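None of these values were measured; they are calculated from a predicted model.
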Amino acid sequence: MAHTDHQTMRRVLRREIAGTIGLLTDEHDFRAMRRYRSFTFDDHKIYLEQVEALLRTRADEGGHTTIALFDPQEYAEFCDATGLDPDIPSSRTRFTAELATTGPTVCYEGQPLADLVPALVDEAVRQATWEYASTLLARLGACATCGEDIGRAAFTRASRLLVRILDTAQPGSRHLVCSVTGTPETLVSVLHADEDAQGATHLDEAEALEFTTVLALGLATQSPGGLVMRTSAPGTTDRIYGWRLRANGLEPLTAGEVFDAYCTDVESGDLIAPESGVDYCVPPDLGDEEATPGHDH
């Protein structure tokens, strides 16, 4: 009887354990791991099928699982730095545990792996973009004239601009894209914002942080770039408008400029038919947040 009780308790405790799986999302990374003899999978498709089956089993048992992006190069560097043997499963487990706290992750909630993998890759890109933009902002240092931290001041200004952009938008769903092209790497950040029935705006905090950081970098470095937004609400025409980045501020795009941007193929330059039921228009007035200049560093 006592033995049965212990087994029952262990099953209950197992449901209390949160797990993390380090996922090799693409064929290239999968092949890189095959150099380790202890990594026994030899077919990426079968590997993904087995991972998905394991996820379903854990979910059926009441377990919570987080998926982390497993990067073989980062794994090798981790093992080298910690003195671990990369060719034993426990080292992969240690690295995966590290990913759970520092790397991009997605919670498994029953979605197909075909949907989960793109979401995980998007999360990795978002985190990398934020880290890169944050590093560039930090390197700007202090203003030689006033001593103000340039990156921090730009982030504060970008935060205020984002609030004004959302406050002046029509109710509904908002999709924002900010691009900065003058930095060593072109940066693109996407932010989704939805408004509930009470008028409250809901944002993903990680998305908002990355978006604000990229916008701040464009403002602080006076790099070429732009910000466009699409608003959607039931029973209304979608509206698309935007701004170009200027020294510490935003300059409204004309309706024609927005139309040209959306109806021109970026790579070929060919014209694309405009969407029906879409209003390409000028943005609303942002008030002082749009017009007030900051420091010209």
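Taking 4.5 Å as the limit, every side-chain heavy atom of Asp26 sits out of range of all side-chain heavy atoms of Val121.
Heavy atoms only, all atoms of each residue included: Ala255 and Val282 are closest at N-CG1, 3.8 Å.
Not counting sequence neighbours, the partners of Phe70 by the ring pair (Phe, Tyr, Trp, His ring centres under 6.0 Å) test are Tyr75, Phe95. Residues satisfying the ring pair (Phe, Tyr, Trp, His ring centres under 6.0 Å) test with Tyr108, not counting sequence neighbours, are none.
The environment of Arg244 atom CZ is dense: over 12 non-hydrogen atoms of other residues, nucleotides or ligands sit within 6.0 angstrom. Surrounding NE2 of His28 are at most 12 heavy atoms belonging to other residues, nucleotides or ligands under 6.0 Å away.
His44 places a side-chain N or O within donor-acceptor distance of the main-chain N or O of Leu24, the cut-off being under 3.5 Å. Looking at Asp29, its side chain never comes within 3.5 Å of a backbone N or O of Pro72 through a donor-acceptor pair.
The OH atom of Tyr47 lies 8.5 Å from the CE atom of Met33; values are rounded to the nearest 0.5 Å.
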Full working for side-chain contact (heavy atoms from CB on, under 4.5 Å) between Glu27 and Phe30: CA-CA 5 Å; Glu27 186 75 38; Phe30 182 82; 4.2 Å; yes

Worked verdict on Tyr241 versus Thr231 for side-chain contact (heavy atoms from CB on, under 4.5 Å): CA-CA 9 Å; Tyr241 52 82; Thr231 63; 4.1 Å; yes

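Screening residues 220-242 for salt bridge (charged side-chain N to carboxylate O under 4.0 Å, His left out), with sequence neighbours left out, gives Arg230-Asp238, Arg230-Glu275.
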